[in-house]
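Written below as structure tokens is the structure these notes are about.
Just so we're on the same page: letters track the sequence lines, and every chain starts at 1.
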Amino acid sequence: MRPFDRAVYRLVSMIPRGQVATYGQIAALLGAPRAARAVGQAMKRCPAGNGVPWHRVINARGGVSLRANVAGMLTQRILLEREGLRLVGQRVDLHRHRWRGAKRRPAAAPTLARL
DNA sequence: ATAGTGACCGCGT
DNA sequence: AACGCGGCCACTA
């Protein structure tokens, strides 16, 4: 398993029950604020039944993202509802449930480091 | 090493 | 408010 993937799973595992994080948020916490898509790919490859609360990762609009299997989307929504999240239509109320637990890392724009 | 891909994101119609 | 477009960057073939 790739280091990046592990880092993503480790972070996702810290999201408490009843709260959610966005792909971009996870990316930012990893120090790569522009790598939201990569986080999505990591989640896509997330092995099932490994204890990682994959359903707590949603997109910036509070919606469930899944291309391939529609069943997966429903599953995610059901899991979220089961955790008592307040849904506004098809979307999670981010203002209310966004995870604020992890500390930001020193930051210093990683994009600049690339120059 | 290079080119293609996408469970994203933010901004402009 | 909803939709489209282009940038992004880690991963894959």
Separation of atom [atom1] in [X] from atom [atom2] in [N], rounded to whole Å:
{"X": "A:Asn59", "N": "B:dG6", "atom1": "CG", "atom2": "P", "value": "17 Å"}
{"X": "A:Phe4", "N": "B:dG6", "atom1": "CZ", "atom2": "P", "value": "17 Å"}
{"X": "A:Leu94", "N": "B:dG10", "atom1": "CG", "atom2": "C1'", "value": "15 Å"}
{"X": "A:Met43", "N": "B:dC8", "atom1": "CE", "atom2": "P", "value": "12 Å"}
{"X": "A:Leu29", "N": "B:dC9", "atom1": "CG", "atom2": "C1'", "value": "16 Å"}
{"X": "A:Gln41", "N": "B:dC9", "atom1": "CD", "atom2": "P", "value": "13 Å"}
{"X": "A:Ile15", "N": "B:dA7", "atom1": "CD1", "atom2": "P", "value": "18 Å"}
{"X": "A:Leu11", "N": "C:dA10", "atom1": "CG", "atom2": "P", "value": "15 Å"}

Next item on the list: Assess whether atom CZ of A:Arg45 is packed by more than 12 heavy atoms of other residues, nucleotides or ligands within 6.0 Å.
Entry: yes

Item checked: Enclosure of A:Arg2 CZ (heavy-atom neighbours >12, cutoff 6.0 Å) ->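 Counting other residues, nucleotides and ligands, CZ of A:Arg2 stays at 12 neighbours or fewer.
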
Margin query: What I want to check is whether the side chains of A:Gln90 and A:Arg77 have a donor and an acceptor closer together than 3.5 Å.
Written below: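 Per modelled atom types, A:Gln90 and A:Arg77 side chains form a pair under 3.5 Å.
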
Check: Any luck finding a side-chain donor-acceptor pair between A:Arg98 and A:Gln25 under 3.5 Å?
Finding: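 Yes, because at least one side-chain N or O of A:Arg98 sits under 3.5 Å from a partner of the opposite role on A:Gln25.
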
When you measure from the side chain of [X], which nucleotide among [options] comes out closest?
{"X": "A:Leu66", "options": "B:dC9, B:dA7, C:dC11", "result": "B:dA7"}
{"X": "A:Asp5", "options": "B:dG6, C:dC11, B:dC9", "result": "C:dC11"}
{"X": "A:Arg45", "options": "C:dT12, B:dC8, B:dG6", "result": "C:dT12"}
{"X": "A:Thr22", "options": "B:dC9, B:dG6, B:dC8", "result": "B:dC9"}
{"X": "A:Ala60", "options": "B:dA7, B:dC9, C:dA10", "result": "B:dC9"}

Checklist line | Any donor-acceptor pair under 3.5 Å from A:Tyr9 side chain to A:Asn50 backbone | finding: no

Notebook entry, point to check: When rounded to the nearest 0.5 angstrom, what is the spacing between CH2 in A:Trp54 and CD in A:Gln76?
Noted result: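 Interatomic distance, A:Trp54 CH2 to A:Gln76 CD, rounded to 0.5 Å: 5.0 Å.
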
Please list, for nucleotides 3-7 of chain C, all pairs of protein and nucleotide N/O atoms separated by less than 3.5 Å.
residue : atom : partner : partner atom : Å
C:dG7   : O6   : A:Arg37 : NH1          : 2.7

Next item on the list: Under 4.0 Å between any heavy atoms, over every strand shown, what does A:Tyr23 touch: base, sugar-phosphate, or nothing? Just pick one.
Entry: base

Check: Which heavy-atom pair separates A:Leu29 from A:Trp99 by the least distance, and what is that distance?
Finding: CD1-CZ3, 3.9 Å

